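Data first, discussion second: the structure below is written as structure tokens.
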Amino acid sequence: ETFNRFQTRLMDFVFDDDVEMFKGFFAEAAETRTENECECRFKHPSAPEKGLVYLKVRTRLIARSETRNVFYLSVENISNEKHQEKINEQQAKALEKHSQFIQTVYSSVPYGVMQYTYEKKPKIVDFNEACYKIFGYKTCNDMRTVLEDDVFKLIFPDDRNILVEAYNQ
């Protein structure tokens, strides 16, 4: 009876779309009498305007008799982790979109495009088909093998400072 009152009060805070899952979580725990865990969204109990709180709820059977089972219920706020997961997913989608854009540009322009980084010396990151053909290579791998990602191997020694100065600007 105490649990029924607690369960009813607790269910008032479960996000509507998660109610059936949450009920199933308790039903499984009662039926199997084993540890159980679920992640649910809850309406913020003290400030509904704050939105949803993500909670990880665990049950553990701590006592059993012929007439009833006693469960320990632990609750962990995982809202920050869920929020970070959403940010990570958004960033991954943005990176994928950017990657597709770059790939489209690289493959569709009629001139050579080379991307490089510059730390101690310039290092080739990527280049398009037109680029390796301009330099007389038959394949991308041929160019990479010869250059070993060193941009300086493509530039006349007297002109290397021009590249360095342009990069530093």
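Keep in mind that this is a model prediction, so the values were computed, not measured. Just so you know, residue 1 is the first one in the sequence shown, and it goes up from there.
- Arg144 CZ: more than 12 foreign heavy atoms inside a 6.0 Å radius.
- With rounding to the nearest 0.5 Å, the separation of CD in Glu96 from NZ in Lys93 is 11.5 Å.
- You'll find the side chain of Leu61 stays beyond 4.5 Å of the side chain of Thr34, heavy atoms only.
- Counting heavy atoms from C-beta on, the side chains of Lys123 and Val151 never come closer than 4.5 Å.
- Considering Glu39, Glu76, Glu35 as possible partners of Arg58, the one that fulfils the salt bridge (charged side-chain N to carboxylate O under 4.0 Å, His left out) test is Glu76.
- Between Lys23 and Met11 there is a side-chain heavy-atom pair separated by less than 4.5 Å.
- The CG atom of Leu73 sits 12.5 Å away from the CZ atom of Arg60 when rounded to the nearest 0.5 Å.
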| request: Take Tyr116 and Phe152 through the test ring-ring contact (aromatic ring centres under 6.0 Å, His included) and record every step on the way to the result. | output: CA-CA 11 Å; Tyr116 67 93; Phe152 280 156; 9.2 Å; no
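- Cluster partners of Ile102, using a side-chain heavy-atom cutoff of under 4.5 Å among ILVMFWY residues and allowing indirect links, are Phe101, Val105, Tyr106, Val109, Tyr111, Val113.
- Hydrophobic clustering (side-chain heavy atoms under 4.5 Å, transitive across Ile, Leu, Val, Met, Phe, Trp, Tyr) groups Phe127 together with Leu154.
- The side chain to side chain donor-acceptor pair (under 3.5 Å) check on Ser74 picks up nothing, with sequence neighbours excluded.
- Of the possible donor and acceptor atoms, none in the side chain of Ser99 sits under 3.5 Å from a partner among the backbone N and O of Leu95.
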task: Determine, stepwise, if the pair Phe71 / Ile62 fulfils side-chain contact (heavy atoms from CB on, under 4.5 Å).
output: CA-CA 5 Å; Phe71 287 91; Ile62 57 173; 6.0 Å; no
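- Between Ile155 atom CD1 and Asn161 atom CG the span is 10.5 Å, to the nearest 0.5 Å.
- Of the possible donor and acceptor atoms, one in the side chain of Asn128 sits under 3.5 Å from a partner among the backbone N and O of Cys131.
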key: Candidate pair Phe135 and Tyr132, rule ring-ring contact (aromatic ring centres under 6.0 Å, His included), full reasoning   = CA-CA 5 Å; Phe135 288 104; Tyr132 69 76; over 10 Å; no
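- Side-chain contact between Asn77 and Leu55 is present, with at least one heavy-atom pair separated by less than 4.5 Å.
- Between Lys43 and Asp16 a salt bridge is recorded (basic side-chain N to carboxylate O distance below 4.0 Å).
- Side-chain heavy atoms closer than 4.5 Å link hydrophobic residues (I, L, V, M, F, W, Y) into clusters, and following such links, possibly through other members, connects Val19 to Phe26.
- Applying the side chain to side chain contact (heavy atoms under 4.5 Å, CB included) rule to Ile162 yields the partners Asp159; only residues at least two apart in sequence or on another chain are considered.
- Within the 4.5 Å cutoff, no side-chain heavy atoms of Met143 are placed close to those of Lys138.
- Scanning all heavy atoms of the two residues, the minimum distance from Arg33 to Ala30 falls at CG-O, 3.6 Å.
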*May I have the step-by-step check of side-chain hydrogen bond (donor to acceptor under 3.5 Å, both in side chains) for Thr139 and Asp142, ending in yes or no?*
CA-CA 5 Å; Thr139 69; Asp142 290 346; 3.2 Å; yes
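- Asn88 and Gln84 are linked by a side-chain donor-acceptor pair at a separation below 3.5 angstrom, with hydrogens and angles left out of the test.
- Atom CZ of residue Arg41 and atom CG of residue Asp18 lie 4.0 Å apart, to the nearest 0.5 angstrom.
- No side-chain heavy atom of Cys40 sits under 4.5 Å from any side-chain heavy atom of Lys56.
- The one candidate from Phe15, Phe42, Phe13 that meets the ring pair (Phe, Tyr, Trp, His ring centres under 6.0 Å) condition with Phe22 is Phe42.
- Once rounded to the nearest 0.5 Å, the distance linking NZ of Lys82 with CD1 of Ile87 reads 14.0 Å.
- Side-chain heavy atoms closer than 4.5 Å link hydrophobic residues (I, L, V, M, F, W, Y) into clusters, and following such links, even through other members, never connects Val146 to Val125.
- Residues Ala130 and Gly112 share a closest heavy-atom pair of CB-N, 3.8 Å.
- Note on Val14: it does not cluster hydrophobically with Met21, by side-chain heavy-atom contacts below 4.5 Å among ILVMFWY residues.
- Ion pairing of Lys133 with Glu129 is present here, as a side-chain N (NZ or NE/NH1/NH2) and a carboxylate O approach within less than 4.0 Å.
- Between Lys86 and Glu89, none of the side-chain N atoms (NZ, or NE/NH1/NH2) sits under 4.0 Å from a carboxylate O, so this pair counts as no salt bridge.
- Counting only distance, with no hydrogens or angles, the side chain of Asn36 and the backbone of Phe25 share a donor-acceptor pair below 3.5 Å.
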